[in-house]
Amino acid sequence: QQGLENLSIWNDAASMLAKAKKDGVETVWDRLHEQRNECAFCAQGLSCSKCVMGPCRINMKGDKRQHGVCGADADLTVARNFGRFVAAGAASHSDHGRDVLDTFAAVAEGKTKDFQIRDEAKLRRIASELGLASDGQPIDAIARALADKFYQDYSSRSEELSFLSRVPEKRRTRWAELGVTPRGIDREVVEMMHRTHMGVDCDATNICLHAVRTALADGWGGSMIATELSDILFGTPRPTASKVNLGVLRKDMVNVLVHGHSPVVSETILAAAKDQDILAEAAKAGASGINIAGLCCTGNEVLMRQGIPLAGNHLMTELALITGAVELMVVDYQCIMPSLVRIAACYHTRFVSTQDKAKFPGATHVPFTPENARDKAREVLRMAIEAYTKRKPERVEIPGQPVDIMTGFSNEAVLEALGGTPQPLIDAIKVGSVRGVVGIVGCNNPKLTHDYCHTNLAKELIKRDILVVVTGCATVAMGKAGLLTPAGAEQAGQGLASVCKALGIPPVLHVGSCVDNARILHLCAILANALGVDMSDLPVAASAPEWYSEKAAAIGLYAVSCGIYTHLGLPPHITGSKTVTNLALNGLEDVIGASFAVEPDPFKAAELIDKRISTKRTALGLTP
Ligand code: NFS
C-alpha cells in the first residue's frame, strides 16, 4: 500500500484509510497505484478497439502507424472516442430520467400505490408551460398527458425537445444555425453510436458537433425531465438543515446507506423506515432506530428534498463501509464501485442491488419496480435489522463529528426567497455585490487530492464576491468545509457576505444532484431572458474540478454549448488530437460562445474564472 498523505484533505477519510490498512482492505487509491503508469495512447484518446481489424494505436510522432487499419488518423480516432464518451454520459442521466418517468407514468395510470404526486402545483405549472391543457383537468389526466409528452422527447417523433421553450431565442437560433438543436434524447445517443462506427462520420469536427447535440439532449432533455418529475413525485426542495460527513453514522442505530442516483429507490427506503412495525423490529434487535444516510447523487436527492444527512461523496463510499458500522448499502446504479461488494464482505455489511440493469456479483438482488417498491424496501430494511445483530462492536470506528449544512435551494425556493422574481439577484449582479455565479459540480478522482480543488476553488470564488451553486459529489466537500451554512459567509467578500446576511443564506447554495445541473441551466435561462441577452452574455461559469465520469463530460459539454465557460481540473482523453483539443479550448468560443479551460490548481482556476466574469460584466456595461 502507498503512503496515506495527500490522498484526501479530510480527517474522516484519513482515519478510515488508516483503518483500511489495519483491516487489510484495499481501496481505490491502492488500485490506482497498481494501474500506474497508464497507457499513453489511451490517455490521449489515441487507441481504438471499436472493430476487429484492430485494436489500433495511433502514433502521431513516428513515421509508422499514423493511421489505424481503417485509415483513421489521430483526429478522427480521438473524436470517435470522445463522441462515445459523451453519449454514454448523456445515456446515463437520460435513462435515469426515463426510470423516473416510468414511475410517474405508473402513478398517472393508477398502476401503483407506492408513489404519489406530491407537488400538484408544479405538475400543473409545467404542463401549462409546455402547452398542455391544465385548467379544470383532473390531475391524473394532466399527468398522463405530460408523461406522453416526455416519452415523445425520448423518441424520434419531435423536431426539438419540449424544454427548449425555456432557452433564450438567440441561443436557439445559434444551435439551429450549427445544426445542433437536440431532437430526441435516445435519437441523439443512437446517432452518435452510428456515426462513430467505422466508415460513417469521418470528420472530427462534425462528430464533435454531434457530441454537442447529444450533450444538449441530456441537459435540456433527460436530466431536466429527471429533475422536474422527481420534484413532482417527491416534492420540490425547500431550504432545510442537515448534516454531512462519516460522523452521521450512528453507533446505536441500524445504519443504512443509500447509494446511486435515482430517488425512486432511496425515497422508498426512507418512507418504509417510518413504518411502525419495522421500527419495532429494530427496537427488538436492540437498536434505537433506523438511520438512513446518503452517498453520491441519490444522497443529494434525499438531502435536497428530505434533509437526509450525507455520509460522503464518491471517494468516501468505500471508506464508509470501512467504519464497520454500516448494516446495509442499497444501490440502484451509476458510480457504484464494484469493489464495494468485496469491502462489504469484509464486515457484517449486506450489499443490496435493486435494478435488473445493474447487477453486482456477490450482492443480494432485490428487484424494485414502481409497483412493488414499498414491499421491497421493507424487505431490505429487515435485512439491515438482521445484520445489526451481527455487528462487531470491536471493529466499529465512526470518525469525527458531523458538520451542519443547509440545503434545498431549488430555483422555486430561490425565486420565492427573492420575492417571486429574479430581479433582486439581477440588481445585486448589476451593482456588483454578487459579481457572478459559478456552478461547481461533479465527482472526485483519486488522481487528485480528494476535495482539495473543490474546497479551495469555492473559497477563492466567494472571496471575490462570486456566488457558488453546487451539485453532486462536490456538495459534500463544500459542506465539510463549512461553506453550506450562513456562517460560511464570513469567508466571503464584503458584497456577497452582505447579500447572504440579508437573505440568511450560505455563500455556496446546494442545488441538488448531478441531473439537477438542469436547475442551473434553467436559472441561467431565466436570468438571460429577464435581461434580454443570450446565456453566453451572463457573468457565469461552471467548474468540474475533480471529475471522473462520462456523465461529467456530458455536463461540461452541455454547459459550454449553452455559452457557459467551463473549467475542468483535468482533461478528457482528447489531447492526442490537435483539432479536437483546439476546438475544446478555443474553437468553440467562436461558434458557441464559450470554451473549456483545464487547470488542476484551484487558485489559478479561480483567476481564470474571475477574469472571464470580469470580461462578461464589462461587456454588459457593468463594473468588472
Ligand atoms: Ni455526478 Fe453522481 Fe458523484 Fe460524479 Fe458520480 S455520484 S451523477 S458522476 S461521482 S458527481
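Values reported hereafter were calculated over all heavy atoms of this structure, with side chains retained and with hydrogens, waters and symmetry mates removed. Remember, it's 1-based here, ligands and their atoms both numbered in the order they're listed.
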Per-atom contacts of ligand 1 with S549, taking only distances under 4.0 Å to non-hydrogen atoms:
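With S549 as reference, the close atoms of ligand 1 come out as 8 (S).
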C296 neighbourhood, listing ligand 1 atoms whose heavy-atom distance to it stays under 4.0 Å
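Here the atoms of ligand 1 in question are 6 (S).
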Should one rank [options] by closest heavy-atom distance to [atom], which comes out on top?
atom	options	value
atom 3 (Fe) of ligand 1	A553, C473, A554	C473
atom 5 (Fe) of ligand 1	G442, C335, S223	C335
atom 9 (S) of ligand 1	C443, S513, A552	C443

Taking every non-hydrogen atom, the tightest pair across T566 and G556
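Looks like OG1-O, 3.9 Å.
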What orientation do F163 and F150 show, parallel under 30°, tilted 30 to 60°, or perpendicular over 60°?
tilted
Is a salt bridge present between D99 and K357, judged by a nitrogen-to-oxygen distance below 4.0 Å?
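So D99 pairs with K357 through a salt bridge.
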Applying a heavy-atom cut-off of 4.0 Å, say which part of W547 lies close to ligand 1: side chain, backbone, both or neither.
neither
Under-4.0 Å heavy-atom contact with ligand 1, by part of Q334 that carries it:
neither
side-chain hydrogen bond (donor to acceptor under 3.5 Å, both in side chains) between H314 and N445: does it pass, once the steps are laid out?
CA-CA 8 Å; H314 178 50; N445 187 320; over 6 Å; no
Does the shortest distance from atom 5 (Fe) of ligand 1 to an N/O/S atom of C514 fall below 2.8 Å?
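No, C514 does not qualify, because none of its backbone or side-chain N, O or S atoms lies under 2.8 Å.
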Verify, without hydrogens or angle tests, whether N255 (side chain) and R250 (backbone) share a donor-acceptor contact under 3.5 angstrom.
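A pair under 3.5 Å: yes.
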